[in-house]
Amino acid sequence: MRRLLAPICLLFALAPATASAYVGAPMTHGTDGAAIGRGAVDPAPGAVAKRQPTSWCGPERGSDDTADELQNGGYKEHAVYMIPSDGADRFGLFAGSIQADAFAASALLETTYGRAIRFDMGTSCGPQYLDITVVRMPYSTAQLTAAAQNGTGTFDLVSQSLDAAGLQTIQSSDSYAVAGQRTRNWVVWLDGPAPAGTCGQAAIYDDPSRQPDNLNNFGGKVAVVFPSGSGGFCSSNAVRHEIGHNLGALQPGAPHAFDGSHCDDAIEDTMCYSNSPKVANGQRGLFFDYHNDDYWDPAGGALPWWTVNLNRFLCPDAGCNLAPGPDDAAAEPDADGDGVPDATDNCPHVANPDQENNYGDARGDACERLRAPKIRLVAKRKGKKVWKLRIRASGHGRGVVTVRCRKRRGAQVRTVYTRTTKLPRTLRRNVRCGASRPRAALALKTPVPAQRM
């Protein structure tokens, strides 16, 4: 079982990598119990959710659709639907839920940190759809059933099936130079027999170095999502958990690591197991690194080991999985006069609190007066590319303030400022935005208490 073996080079993790050094095989910690898939995750808020498709569209294909690929970066998580050699092809039934779970897996990072899991996007129907490759395994249902009795048996057959289909996984004999050229991680939804009472399994490298050539920063790693036992797959929480392992969550030296790759400080933490204490409402997947002290750097600081936020398979902003669309502030309404086009601009009574809502229809319901959170941005030019910002974020609890803009004409919209803060708060900041007006967004880090009407 080659994937159980820790790579020899990890003994020298602090030494600089060379082109001739071998990366070795990643480790797999064993199967993850069904508990990691429990709980629901709210979709990404605001513009991200509005621009994501609610259904999947595209032809079924057995290869990476590079012709229709969304140009959202070089290193991506590629979705795979996999079935045994004699299994029924139910891709048409599951494509939509696979896409929805991928988006929902990323949503927690988008709302918490203003970052996103970078997925391989684009089909012949358009760049807004998840690129999903269908792989029929060279192994039968009976062979998968037998393999499920072994700790890594299912994972090994999935990895071998990817290699056979031309979707190359990282190899123990890869040099750093070769591994650095692998630009895809493989997220596999397995529609076949899997170990009982489990939700998935994934590869991770034990490499704490905070360097670009950290082994967790290379492609070719595998994350497998198993059937849920109720006619579908384990949830988006399981998808995020397994991808988290591929990205390097979490390293054995983390303070709450109890088995080398899981934490035990909050049951609501994506990467923690069911032996962890309840710190909030008990909902799985409520946090991605509770307290930011195990596998995500705290705001304004850095942990002394590898953290997921360093990984190039994450986008620098929350919107990189979105197809191109209107993003110039001048092209969108700004009825409330705050300099930021947002949802309230289509609601006259919100822009003018003294105006009652008399629509009495779906539009009126969507335009109910906003209570919290709310963000107001005043942006003034200081020069050709520099803007002076005054940001007022209102609400309760803690929130993540993000400012995005286009730094140069033709470039992608990027995050130029992000701040996690206690609400309410007024922030002042200068940012460089050369090709578009800066726009601010606010995401809650902790739930808003229910308000009495």
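This is a predicted model, so every value here is computed, not measured.
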Can you tell if the side chain of Leu427 reaches within under 4.5 Å of the side chain of Tyr417, non-hydrogen atoms only?
yes
Search all heavy atoms of Pro59 against all heavy atoms of Ser124 and return the closest pair with its distance.
CD-OG, 3.1 Å
In Å and rounded to the nearest 0.5 Å, what is the CG to CE distance from Leu247 to Met271?
9.0 Å
Verdict with reasoning, Asp206 to Met27, per side chain to side chain contact (heavy atoms under 4.5 Å, CB included)
CA-CA 8 Å; Asp206 179 357; Met27 299 182 298; 3.4 Å; yes
Closest heavy-atom pair, Thr154 versus Ala148, reported as atoms and distance to 0.1 Å, is OG1-CA, 3.4 Å
Look only at the side chain of Arg51 and the backbone of Leu322, and say whether a donor-acceptor pair between them is shorter than 3.5 Å.
no
Shortest non-hydrogen contact from Ala79 toward Trp189
CB-CZ3, 3.7 Å
Test your reading of the model: is there a side-chain donor-acceptor pair from Arg284 to the backbone of Ile267, 3.5 Å cut-off?
yes
Heavy atoms only: give me the nearest Ala88-Ile83 pair and the separation to one decimal.
O-CG2, 3.8 Å
Indicate yes or no: at least one non-hydrogen side-chain atom of Asn237 is less than 4.5 angstrom from one of Ile36.
no
Using only atom types and a distance under 3.5 Å, with no angle test, would you say the side chain of Ser140 pairs donor to acceptor with the backbone of Asp86?
no
Using the side chain to side chain contact (heavy atoms under 4.5 Å, CB included) rule, take Phe258 and Asn275 through it: C-alpha gap first, then chi angles, then the decisive distance, then the call.
CA-CA 10 Å; Phe258 77 92; Asn275 62 341; 3.9 Å; yes
Is the closest side-chain heavy-atom distance between Asn321 and Asn72 below 4.5 Å?
yes
In Å, rounded to the nearest 0.5 Å, how long is the span from OG of Ser106 to CD1 of Ile243?
8.5 Å
Could Arg115 and Asp317 be called an ion pair, given the rule that one side-chain N must be under 4.0 Å from one carboxylate O?
no
Step-by-step side chain to side chain contact (heavy atoms under 4.5 Å, CB included) determination, Glu268 to Asn281:
CA-CA 8 Å; Glu268 297 90 347; Asn281 61 7; 4.1 Å; yes
Do the side chain of Ser175 and the main chain of Val178 share a donor and acceptor less than 3.5 angstrom apart?
yes
Between Asp68 and Arg61, does at least one N-O distance fall below 4.0 Å, as a salt bridge requires?
no
To the nearest 0.5 Å, how far apart are CD in Glu69 and CE in Met121?
11.0 Å
Check whether any side-chain heavy atom of His241 lies under 4.5 Å from a side-chain heavy atom of Asp32, and answer yes or no.
yes
Can you tell me how far CZ of Arg439 sits from SG of Cys433, rounded to the nearest 0.5 angstrom?
11.0 Å
Compute the ring centroids of Tyr205 and Phe218, then answer whether they are less than 6.0 Å apart.
no
Euclidean distance, Ile170 CD1 relative to Asn185 CG, rounded to 0.5 Å
8.5 Å
State yes or no: are the ring centers of Phe233 and Phe226 separated by less than 6.0 Å?
no
Between Val224 and Phe155, is the side chain to side chain contact (heavy atoms under 4.5 Å, CB included) condition met? List the steps.
CA-CA 7 Å; Val224 190; Phe155 185 86; 3.9 Å; yes
Side-chain heavy-atom pair Val135, Leu167 within 4.5 angstrom cut-off
yes
Report the C-alpha distance between Asp64 and Thr66 in whole Å, list the side-chain angles of each, state the deciding distance to 0.1 Å, and finish with yes or no for side-chain hydrogen bond (donor to acceptor under 3.5 Å, both in side chains).
CA-CA 6 Å; Asp64 186 351; Thr66 57; 5.9 Å; no
Restricting to non-hydrogen atoms, name the atom on Ala393 and the atom on Leu423 that form the minimum distance, rounded to 0.1 Å.
CB-CD2, 3.7 Å
Fit a plane to each ring of Tyr295 and Phe288, take the angle between them on a 0 to 90° scale, and name the class: parallel (under 30°), tilted (30 to 60°) or perpendicular (over 60°).
perpendicular
Between Phe91 and Trp56 (judged by ring centroids, cut-off 6.0 Å), do the two rings come close enough to count as a pair?
yes
Do His78 and Asp131 come close enough that some side-chain heavy atom pair is under 4.5 Å?
yes
Please determine whether a side-chain nitrogen of the Lys or Arg among Glu77 and Arg184 lies less than 4.0 Å from a carboxylate oxygen of the Asp or Glu.
no
Quick one: closest heavy-atom pair of Gly122 and Asp65, and the distance?
O-OD2, 3.8 Å
State, yes or no, whether a side-chain contact exists between Phe103 and Pro53 at a heavy-atom distance under 4.5 Å.
yes
Answer with yes or no whether the side chains of Tyr113 and Asn309 bring together a donor and an acceptor at under 3.5 Å.
no
Any side-chain donor-acceptor pair under 3.5 Å between Asp294 and His256?
yes
Can you tell me if Thr28 and Gln201 form a side-chain donor-acceptor pair at under 3.5 Å?
yes
Checking Asp174 side chain against Gln171 main chain: does a donor-acceptor pair fall under 3.5 Å?
yes
Rounded to the nearest 0.5 Å, what separation is found between the NZ atom of Lys221 and the CD1 atom of Ile204?
9.5 Å
Would you say the side chain of Met137 lies within less than 4.5 Å of the side chain of Ser85, judging by non-hydrogen atoms?
no
NZ or CZ of Arg118 within 45° of Phe313 ring axis and under 6.0 Å:
no
Ignoring hydrogens and angles, tell me if any N or O in the side chain of Arg210 forms a donor-acceptor pair with the backbone of Leu303 under 3.5 Å.
yes
Does the Thr112 side chain pair with the main chain of Leu109, one donor and one acceptor, at a distance under 3.5 Å?
no
Do Thr169 and Asp163 meet the criterion of a side-chain donor-acceptor pair at a distance under 3.5 Å?
yes
Checking Asp293 side chain against Pro255 main chain: does a donor-acceptor pair fall under 3.5 Å?
no
Going by atom types alone, do Gln143 and Thr145 pair a side-chain donor with an acceptor below 3.5 Å?
no
Side chain Asn311, main chain Asn216, donor-acceptor under 3.5 Å:
yes
Closer than 3.5 angstrom, by distance alone: can the side chain of Asp191 be matched with the main-chain N or O of Met82 as a donor-acceptor pair?
no
If you look only at pairs with a residue in residues 116-142, which of them pass as a ring pair (Phe, Tyr, Trp, His ring centres under 6.0 Å), with sequence neighbours excluded?
none
